[in-house]
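So the structure is just underneath, and the comments pick up after that.
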Number of protein chains: 2
Amino acid sequence: MATQRDLPEAENPLLMKLGGFMPLSRDDRQAIVHASRKVRSVQAHCDIISDGERPNHVHLIIDGWAARYKILPNGERQITAYLIPGDFCDLHVTILREMDHGIVALTPVSVADISRHEMDTLCDDRPRLMRAMWWATLVDEGVLREWIVNIGRRDAYARIAHLMCEMHVRMRNVGRAEEGAFHLPLTQDHLADTLGLTPVHINRMLQRLRAEHLIELGGRTLTILDPVGLRSAAGFDASYLHNNEQNGR
Amino acid sequence: MATQRDLPEAENPLLMKLGGFMPLSRDDRQAIVHASRKVRSVQAHCDIISDGERPNHVHLIIDGWAARYKILPNGERQITAYLIPGDFCDLHVTILREMDHGIVALTPVSVADISRHEMDTLCDDRPRLMRAMWWATLVDEGVLREWIVNIGRRDAYARIAHLMCEMHVRMRNVGRAEEGAFHLPLTQDHLADTLGLTPVHINRMLQRLRAEHLIELGGRTLTILDPVGLRSAAGFDASYLHNNEQNGR
DNA sequence: TCTACGTCCTAACCTACGTTAATGGCCACA
DNA sequence: TGTGGCCATTAACGTAGGTTAGGACGTAGA
């Protein structure tokens, strides 16, 4: 399962992500490449970590999409985050007794398993790296807050547009988007479970976004035809993503 | 402004909160009491930290209620968290360039300002304490996720009930609730801005919760008359709060 | 070639919640 | 002893989004 070939630096998504926050030394970069060497494959639709589990490793997404989700007693599902290359599933969850939610692969996913010990030495030896990973968790928290705002205070149309804007920026940050087009492997059911809507209504709003020439969506690829229009429909302000580079485009 | 009298241990909410996660040594306890000695008062309705600010200190709520909030371009407000005694406003926000939201005092609030330096030495010298504070931030994250589930997938009635259950557990954890009654200094407008509803509809649902003898609410005090009934109306499962003690009651 | 299944799409109808607006209680302050 | 402001409450009415139930299409596997 585990391949031992190191990813070339240019393809390492964590490197790209953290590099967008602060410049990293050659040693820091190599330490990251080294830490993410043990890559494992997970099939689509399989849990990477299940609710109630107590993981021994820290899991880092190298390739593919995953979703954090919770199941309600009545069987309904709420997705609380999307995880894309460069995202940690459970950066410090070893402190808690057990997972209070599950993480499922939406596509075939490559995960790097990083042992608790390896993580500790990484943080101890490389304070700048630790700082960069702190930054990443704080951004994740900011994203959670923005999702609350999104679901709580925007209508269905703006909600979808906002999610698209966010995922576009995040995909660009790890070199997974170009020219406003990127891989969005979500069904309308996923979108519904993410945004607190029904699949039927998601469909209606997608039609509208298409009719207004803001997006093209098909074959699991999203193309943003009119970035300015989409952002204004969403009321999107990227500052909560705390990127160094100029935000938005 | 700042009073120099140390809070007696029994009244220090952070001590109570962290103690609910792991037993703390005498030295750890004194370190916390010492760190929270510089207490400052903030009037109700004033920002403790404003959007865009870059705080120099870490702020710890010692007494009173505060709310994290974001304002949308159209002027609407979404509250993304309630902060009660023992909660940090911005535990590691010094890493980010600036705040991406504001924090407002809902009642007169006592805040302890802890300098960045003091925080660092606390973490360096007392690894157990650092671990306990990690735990607290992870729980905060879990709460954010649960709020997404709450707003996304529960109806208005269950949403309100769920918030009440959560705040009850959290208030109990810091010794601020007894016999199912506690101080809830929120207007119906606050509840609306928290739960993605309108004040009018909040009112309707409160009437219903009262009519069904689940709660009493008045004079800024919430009394939970029927804890089991309220929890079942909410679909509340406290495991996301990761307490040591038996959850729920 | 047929069947099974997942996904997208649409239509008709329904309801939980929003909107607007008015009333009354309470309390601080003149 | 008023008066203004905040807050809770209620009613009448409007609508965004939910529900139910289909049909069309593509793909996988027998």
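Here is how names work: the chains are called A, B, and so on, in the same order as the sequence lines, proteins then strands, and each is numbered from 1. Quick caveat, the model's predicted, so the values are computed rather than measured.
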(request) Find which nucleotide of DNA chain C each of A:Arg153 and A:Leu217 is nearest to by heavy atoms, and output the residue with the more 5' nucleotide. (result)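 So the residue in question is A:Leu217.
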[N], OP1 or OP2 - any side-chain N/O from [X] closer than 4.0 Å?
| X | N | answer |
| --- | --- | --- |
| B:Arg220 | C:dC26 | no |
| B:Arg159 | C:dA16 | no |
| B:Asn203 | D:dT9 | yes |

Students often get this wrong, so: under 4.0 angstrom with heavy atoms, is [X] touching a base, only sugar-phosphate, or nothing?
| X | value |
| --- | --- |
| A:Leu197 | sugar-phosphate |
| A:Gly218 | nothing |
| B:Gly196 | sugar-phosphate |

Among [options], the one nearest [X] by side-chain distance:
| X | options | value |
| --- | --- | --- |
| B:Arg204 | D:dT19, D:dA12, D:dT9 | D:dA12 |
| A:His201 | C:dC17, D:dT9, D:dG18 | D:dG18 |
| B:Thr198 | D:dG18, D:dT9, C:dG18 | C:dG18 |

(request) Indicate yes or no for a side-chain donor-acceptor contact from A:Asp189 to the backbone of A:Pro199 under 3.5 Å, with no hydrogens or angles considered. (result)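 Here the side-chain-to-backbone pair does not exist.
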(request) Would you mind telling me which residue lines up with the more 5' stretch of DNA chain D, A:Asp155 or A:Val200, judged by nearest nucleotide? (result)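 Its nearest nucleotide being more 5', the pick is A:Asp155.
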(request) Would you check if there is a donor-acceptor pair between the side chains of B:Ser239 and B:Asp237 at a distance under 3.5 Å? (result)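 Yes, a side-chain donor-acceptor pair sits under 3.5 Å.
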(request) Determine, for B:Tyr240 and B:Arg145, whether the Lys NZ or Arg CZ falls below 6.0 Å from the six-membered ring centre while staying within 45 degrees of the axis. (result)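 No, B:Arg145 does not lie over the aromatic ring of B:Tyr240.
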(request) Write down the distance between CE (A:Met205) and P (D:dG17), rounded to a whole number of angstrom. (result)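 These atoms are roughly 7 Å apart.
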(request) Can you tell me the distance, in whole Å, between the CD atom of B:Gln207 and the P atom of D:dT10? (result)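 One finds 5 Å between P of D:dT10 and CD of B:Gln207, rounded.
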(message) If the test is ring-ring contact (aromatic ring centres under 6.0 Å, His included), which one of A:Phe236, A:Tyr157, A:Trp147 qualifies with A:His162?
(response)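 Looking at A:Phe236, A:Tyr157, A:Trp147, the match for A:His162 under the ring-ring contact (aromatic ring centres under 6.0 Å, His included) is A:Phe236.
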